[in-house]
2 protein chains.
Amino acid sequence: MRASGAETAATRSGRGRRRTLSEDEILDAAMALLDEGGPKAASIRGIAAAVGVAPNAVYTYFPDKAAVVRALIERLLGEVNHDVFADRAQPWRLRLEALALQLRQRLCEHPGAVPLMIGGPMNGPHALSLNERLLELLADAGLDPVDAARASYLLIVYAFGSIALQLADVHDSGPAPPEAERIAARKRAFALAPADRYPRAAAAATTMAEYVSTEQYLWGLRRLLDGITARADSS
Amino acid sequence: MRASGAETAATRSGRGRRRTLSEDEILDAAMALLDEGGPKAASIRGIAAAVGVAPNAVYTYFPDKAAVVRALIERLLGEVNHDVFADRAQPWRLRLEALALQLRQRLCEHPGAVPLMIGGPMNGPHALSLNERLLELLADAGLDPVDAARASYLLIVYAFGSIALQLADVHDSGPAPPEAERIAARKRAFALAPADRYPRAAAAATTMAEYVSTEQYLWGLRRLLDGITARADSS
DNA sequence: GACTTTTTCTGTACGTCGTACAGTATATGT
DNA sequence: ACATATACTGTACGACGTACAGAAAAAGTC
């Protein structure tokens, strides 16, 4: 079902006991736990219990927990569809937006993955490939990719994850904080303004996707691109 | 030395044994551990050892670890100087930049605090006060603060922390990863491009402040504000 | 078939974490 | 002197990541 096989391809010499699992089964379980219980729930012991093996059996598939996390993020990044923004015939602004939306999509689907991404560098092939694409894209746009443009773009794409995370309230929670309290926390989290002053902010933020909506996200990105374009035109 | 007294003002009825510490001493130790060893080093047991008490003695001052973390972040945010950007006589762009630079400054000084901020909602008085200021500021700028402008601004301020964190490599490291490896990790982290293609990116990134420099940071912010301004003028 | 070899699993254990509980030390009130 | 209230220490529990030793299951060799 999945293409990637984590980071080690495995020798598979044919001799020895058969594995009862696959890397992807472990990652599936890890992602499920991550989605419903946050990073704290995605423990080695929890994953092992979910797939029905002893905790240390996981170490047959991954050398340590960090490797599981890396593979998880890699697989997530591997799911982004390159077709849209890789087409160099398209205008660069559209392609940048497409890439940003793809990334946003992944973060929305798995907000619990955000702290994992932030918690360590992403060196996997998919991460690097996406970065290559971004550099190409910025070069096509006539911008110096190593300078500020790339940083700003990443800034805005990335930060959405941070904010989204706060709103989703998945950081460290136990099994399932009562929904009412989660909503209250969400309201406090970034809504910050007294409800009577800015009622729309405090009111209906039920999902992170709603709070920083696709429209808001794209709006900010477009204003940034506006500024970049204007600067590029005038110079 | 410090103004704030964490979150509980303490009853101090006069009766009973005298405390050997203050909340601020604990937070000082926590911050020191955080700065040099990352979030992993800022453990309750580590903090207690640093201030010379038994681990559970900390619970006299803070109800649990989350409270320590919250207080730590609050104190950090309390250090931002409001004078610059609170002056409503100044043009709003300058004020926005001043605020952004203040926040960037805190994140630069304590990169280890970034995952803590991301790991949970920030509800403290200082956090809320800063948000109030931002809302005022955006209102002064004639923007609807609950809409996209605020989100975008926060996005860019916030995300710097995420990127910076990766470059600083403070996430989870043990006592002190050898400097050579830290630099190598930093190069891989976000530099991402083959060194021969974009040599400047892969080369001299020694500190996070250098990698996303103040200039780059401000550049991105200004392009965003350019875009916002242009949109506001034309509508 | 029996036997060796290779790989994957389980059992157990160590050190770490946050923190609950029970006691002890030290201060103020009476 | 004594009760009382507060701050500490000792100890312990459960959960974590994971190292080590063995048992279980497959394949290759005779």
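So you know, we letter chains A, B, ... as the sequences are listed, proteins then strands, and number each from 1. If you're wondering where the values come from, they're calculated on a predicted model, not measured in any experiment.
- In this structure, A/Glu79 contributes its side chain and A/Arg106 its backbone to no donor-acceptor pair below 3.5 Å.
- The side chain of B/Arg18 contributes an N or O atom lying less than 4.0 Å from OP1 or OP2 of C/dT28.
- A donor-acceptor pair under 3.5 Å is formed between the side chain of B/Arg19 and the backbone N or O of B/Thr60.
- Under the 3.5 Å distance criterion, the side-chain polar atoms of A/Tyr61 are matched with a main-chain donor or acceptor of A/Leu21.
- Between B/Leu21 atom CG and D/dT6 atom P there is a gap of 18 Å when expressed in whole angstrom units.
- In this structure, A/Arg19 reaches the C/dT8 phosphate: one of its side-chain N or O atoms is under 4.0 Å from OP1 or OP2.
- Every residue two or more places apart in sequence or in another chain that forms a side-chain contact (heavy atoms from CB on, under 4.5 Å) with B/Asp83 is listed here: B/Asn81.
- Listed nucleotides C/dT10, C/dA27, D/dC8 differ in distance to A/Ala57; the shortest reach to its side chain belongs to C/dT10.
- Taking atom CZ of A/Arg15 as the reference point, atom C1' of D/dG28 lies 5 Å away to the nearest angstrom.
- Between the CG atom in B/Leu116 and the NE2 atom in B/His110 there is a gap of 11.5 Å [rounded to 0.5 Å].
- Distances were taken from every side-chain heavy atom of B/Thr20 (C-beta onward) to each of D/dT9, D/dC8, C/dC9; the shortest belongs to D/dC8.
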- In B/S/- notation, 5' to 3', how is nucleotides 17-25 of chain C contacted by protein heavy atoms closer than 4.0 Å? BBBBB---B
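- Atom CD1 of A/Ile47 is separated from atom P of D/dC16 by 11 Å (rounded to the nearest Å).
- What you find for B/Leu76 and B/Met31 is that their closest heavy atoms are CD1-CE, 3.8 Å.
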